[in-house]
> 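Just passing along the structure, written as structure tokens.
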4 protein chains.
Amino acid sequence: MPRLTDIRKQALDEMMKEAFFEATVAVLNEHGVEGMTMDRVAAAAGVAKGSLYRYFRGKRDLLEFVFTKVVDPIFQAFEELAAKQQPAIELLSGHLEALLEHVAKHARVHRLLFEDDAAHGLLQPSERRTSEAAGRQMATVFQQGIEEGVFRPQDPLLLAHMYLGLTKGVLQSRPPLDEPEHRKDVHRLIIGTFLSGIATDKGRVAFDG
Amino acid sequence: MPRLTDIRKQALDEMMKEAFFEATVAVLNEHGVEGMTMDRVAAAAGVAKGSLYRYFRGKRDLLEFVFTKVVDPIFQAFEELAAKQQPAIELLSGHLEALLEHVAKHARVHRLLFEDDAAHGLLQPSERRTSEAAGRQMATVFQQGIEEGVFRPQDPLLLAHMYLGLTKGVLQSRPPLDEPEHRKDVHRLIIGTFLSGIATDKGRVAFDG
Amino acid sequence: MPRLTDIRKQALDEMMKEAFFEATVAVLNEHGVEGMTMDRVAAAAGVAKGSLYRYFRGKRDLLEFVFTKVVDPIFQAFEELAAKQQPAIELLSGHLEALLEHVAKHARVHRLLFEDDAAHGLLQPSERRTSEAAGRQMATVFQQGIEEGVFRPQDPLLLAHMYLGLTKGVLQSRPPLDEPEHRKDVHRLIIGTFLSGIATDKGRVAFDG
Amino acid sequence: MPRLTDIRKQALDEMMKEAFFEATVAVLNEHGVEGMTMDRVAAAAGVAKGSLYRYFRGKRDLLEFVFTKVVDPIFQAFEELAAKQQPAIELLSGHLEALLEHVAKHARVHRLLFEDDAAHGLLQPSERRTSEAAGRQMATVFQQGIEEGVFRPQDPLLLAHMYLGLTKGVLQSRPPLDEPEHRKDVHRLIIGTFLSGIATDKGRVAFDG
DNA sequence: AATGAATGAGTGTTCATTCAT
DNA sequence: GATGAATGAACACTCATTCAT
């Protein structure tokens with residue numbers, strides 16, 4: 001039964017990687033990105049340092065794994081939503097909902113990998129890739145919205161960057177996201193602002209004038 | 001003539017610091033923040049490593065100098081504008097104009113320190129301080145705008161973060177900023193979006209519905 | 001058999017530390033304390049510098065290890081003697097005997113750490129501690145002797161310092177200590193001088209007069 | 001008048017060296033031996049670092065100058081005393097008196113150069129030379145005393161080392177030396193102990209027995 | 001003769017990576 | 001396959017010494 005053994009082996013591998021993921025997060029939590037050493041990760045995982053290198057080619061590899069593990073679900077959630085062929089605004093809304101939920105669940109890690117901005121040195125490439133991928137993904141929504149006539153015609157990629165930037169800005173101010181109502185508030189704030197702006201009628205007049 | 005000598009000395013000091021500034025930027029450019037070592041900066045500046053330490057107390061000091069040199073003008077521009085007692089929207093507009101001009105002038109450095117998000121590990125304290133200071137500064141504008149009745153009443157600090165995030169998002173997509181018209185376009189895009197949102201009337205109906 | 005492995009591991013650790021001890025002594029011998037660098041110790045031990053740090057937390061740690069290794073046995077010998085509840089003079093005598101034997105055995109290291117007075121900069125704390133501890137330890141002997149009526153009443157701590165100083169003085173003149181008779185001679189000299197002084201009757205008269 | 005100029009020059013040189021002496025002592029006082037850098041000495045002396053090197057060939061040279069300046073007077077005092085052709089005991093007594101006075105006057109420096117034992121790394125050669133010179137010097141006294149019949153016949157050099165060691169031991173316990181009476185007490189203690197020992201008659205019996 | 005900026009070898013220490021067991 | 005000891009390149013930083021001005 002080499003087949004079964006292989007499967008089992010693969011499963012074990014996955015479990016190990018999972019363990020390393022959690023160990024890494026724990027270390028990141030306790031020592032920050034600068035203090036994340038392979039020694040500490042191995043110790044946190046309860047294995048010898050050498051073993052780490054059986055599962056990851058190096059530190060960069062490990063961090064990319066962690067990064068991906070945190071980021072990927074958001075992309076997948078989007079893909080799932082997009083598959084449902086909804087109107088752009090609902091797509092946007094649904095995606096934001098999923099995003100906020102995800103951030104709420106992985107608050108600690110998010111803070112470390114995104115807000116504190118400290119890991120970026122080590123995973124710049126994958127970071128940029130991610131950021132760009134997210135931009136492209138969102139751009140399709142805006143493209144769709146423009147076609148639907150609900151968004152003003154504009155470069156969709158630029159819109160995506162603005163939207164993502166605005167969202168990141170809100171998240172960087174660390175609003176409470178634990179309770180569903182909190183998330184609802186933030187959701188309304190982001191979508192409302194991005195769709196309708198912050199100006200009153202008076203303000204809009206002042207601006208146009 | 002100790003007076004003249006002193007002045008000359010001070011001028012030389014400034015020139016050295018300027019040279020180190022450029023050397024640091026060059027190293028950051030080539031090796032990223034993680035690869036920015038004192039050795040490399042010294043080599044790039046064409047001096048011995050020890051000399052660096054005559055002008056900066058340490059790596060952190062050097063990086064803060066670079067960071068400040070890039071960031072401070074924006075804050076100062078804001079202060080100058082704010083002193084003029086203008087309406088909030090004009091203040092916002094003026095600040096963005098100054099910002100875009102500044103970014104255009106220091107494009108390379110900006111990319112390194114802000115977009116790539118990479119220097120943050122080493123100057124997190126000053127970085128976070130800066131980010132928060134910028135937030136607070138902008139918040140006063142939004143507060144004023146709310147009082148003027150041109151912005152919808154909302155947490156000014158949150159508005160500031162959204163605005164800054166959105167702006168950062170746009171800059172991250174690296175729009176051309178060399179020509180004044182380019183900047184005008186980006187300016188219009190940001191202000192317009194933030195004040196009026198991206199939705200058409202139809203979109204707004206769809207959203208409210 | 002984790003038991004055996006652990007023991008073996010511990011033994012290996014001890015051997016490594018022992019090797020570093022000897023390497024350190026060799027380096028101290030050749031380059032003096034100021035010239036004792038971690039590089040040189042590692043080189044003398046024939047290992048990479050990094051390995052040193054697996055066994056010692058730092059330079060101070062290493063030096064303290066060496067120092068302790070040399071000094072501790074003397075203290076322990078004293079404790080053992082003191083436990084035997086002997087008269088003060090025999091205690092003194094016994095301690096000196098043990099000390100001379102110990103110095104004979106570790107002549108080279110002693111010269112480095114004590115006579116040359118050179119290591120002290122780096123281990124001043126532990127040195128001073130040691131010196132004071134030795135003083136206190138000996139003071140109890142003199143206190144006991146005073147109570148027994150065999151020593152003239154005087155500040156015991158001062159007596160201890162005098163005794164230790166005198167002994168150190170003798171050792172600094174590097175008397176031969178290899179043979180038991182040599183040690184016997186030195187022993188007699190020190191004890192005799194400290195107990196009865198160096199003056200003849202005539203000298204005593206001259207002094208008192 | 002090149003003659004006068006030369007003399008003046010030499011005098012200036014002496015004054016400079018004197019200033020550096022005091023600056024060095026001040027630095028040693030404030031920062032310890034490990035913290036005594038040429039920079040600090042120059043700053044303390046109020047001159048440029050480069051000037052230091054006009055008067056001293058290097059750090060070792062400077063430290064030797066300071067050391068000598070502190071130690072030499074004791075030797076000279078001895079020479080002066082010795083020239084007076086006194087009995088050995090009075091010579092010893094007179095020398096100790098001068099020594100205690102000297103130590104009292106230069107207490108701070110002494111502590112740094114002798115007790116703290118930290119400078120020795122840098123001036124080991126001159127230190128050893130000094131220690132040996134002192135030994136030889138004192139040995140002549142003991143030799144004389146033996147010839148006078150006031151000291152028991154014994155290796156004079158060994159006696160000298162014992163005497164100096166005992167004295168050093170007393171000084172290391174930092175007895176008060178400010179007042180003449182204090183010094184008198186210490187003087188009596190050292191001379192008394194070294195000449196007559198610390199044993200009572202009972203103790204002597206116990207020892208001989 | 002004085003200055004102090006420049007030098008650069010050297011210091012202790014860290015840590016990602018390798019590899020013999 | 002796991003281990004963890006060994007490695008050694010790198011790093012930030014210091015400071016005695018030199019030398020152009």
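By convention in this document, chain letters (A, B, ...) are assigned in the order of the sequence lines, proteins followed by strands, and residues within each chain are numbered from 1.
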> Suppose we screen for side-chain hydrogen bond (donor to acceptor under 3.5 Å, both in side chains). Which residues come up paired with D/D39, at least two apart in sequence or across chains?
D/K49
> If a protein heavy atom is under 4.0 Å from the base, mark B; if only from the sugar-phosphate, S; if neither, -; do that for nucleotides 2-11 of chain E going 5' to 3'.
BBBBBBB-BS
> Could you list the residues that satisfy ring-ring contact (aromatic ring centres under 6.0 Å, His included) with D/Y55, not counting sequence neighbours?
D/F20
> What integer distance in Å separates D/Q10:CD from E/dA1:P?
13 Å
> Which residues pass the side-chain hydrogen bond (donor to acceptor under 3.5 Å, both in side chains) test with C/D13, sequence neighbours left out?
none
> For the pair C/T68 (side chain) and C/E64 (backbone), establish whether a donor and an acceptor sit closer than 3.5 Å, ignoring hydrogens and angles.
yes
> So what does the secondary structure string of DNA chain E come out as, 5' to 3', with Watson-Crick or wobble pairs under 3.5 angstrom, [ ] for crossing and | for pairs with another strand?
.||||||||||||||||||||
> Tell me the salt bridge (Lys or Arg N to Asp or Glu O under 4.0 Å) pairs involving residues 21-31 of chain D, sequence neighbours left out?
none
> Specify the separation, in whole Å, of atom CZ of D/F20 and atom C1' of E/dA1.
12 Å
> To the nearest Å, how far apart are B/R60 CZ and F/dC11 C1'?
15 Å
> Take A/Y53 and C/G58, find for each the nucleotide of DNA chain E with the closest heavy atom, and name the residue whose nucleotide sits nearer the 5' end.
C/G58
> Who pairs with A/R108 by side-chain contact (heavy atoms from CB on, under 4.5 Å), at least two apart in sequence or on another chain?
A/V25, A/N29
> Quick one: list whatever passes side-chain hydrogen bond (donor to acceptor under 3.5 Å, both in side chains) with D/K69, sequence neighbours left out.
D/E18
> Rounding to an integer number of Å, can you tell me how far D/D61 CG sits from F/dT17 C1'?
14 Å
> Going by the rule salt bridge (Lys or Arg N to Asp or Glu O under 4.0 Å), which residues pair with B/D61 if we only count those two or more places apart in sequence or in a different chain?
none
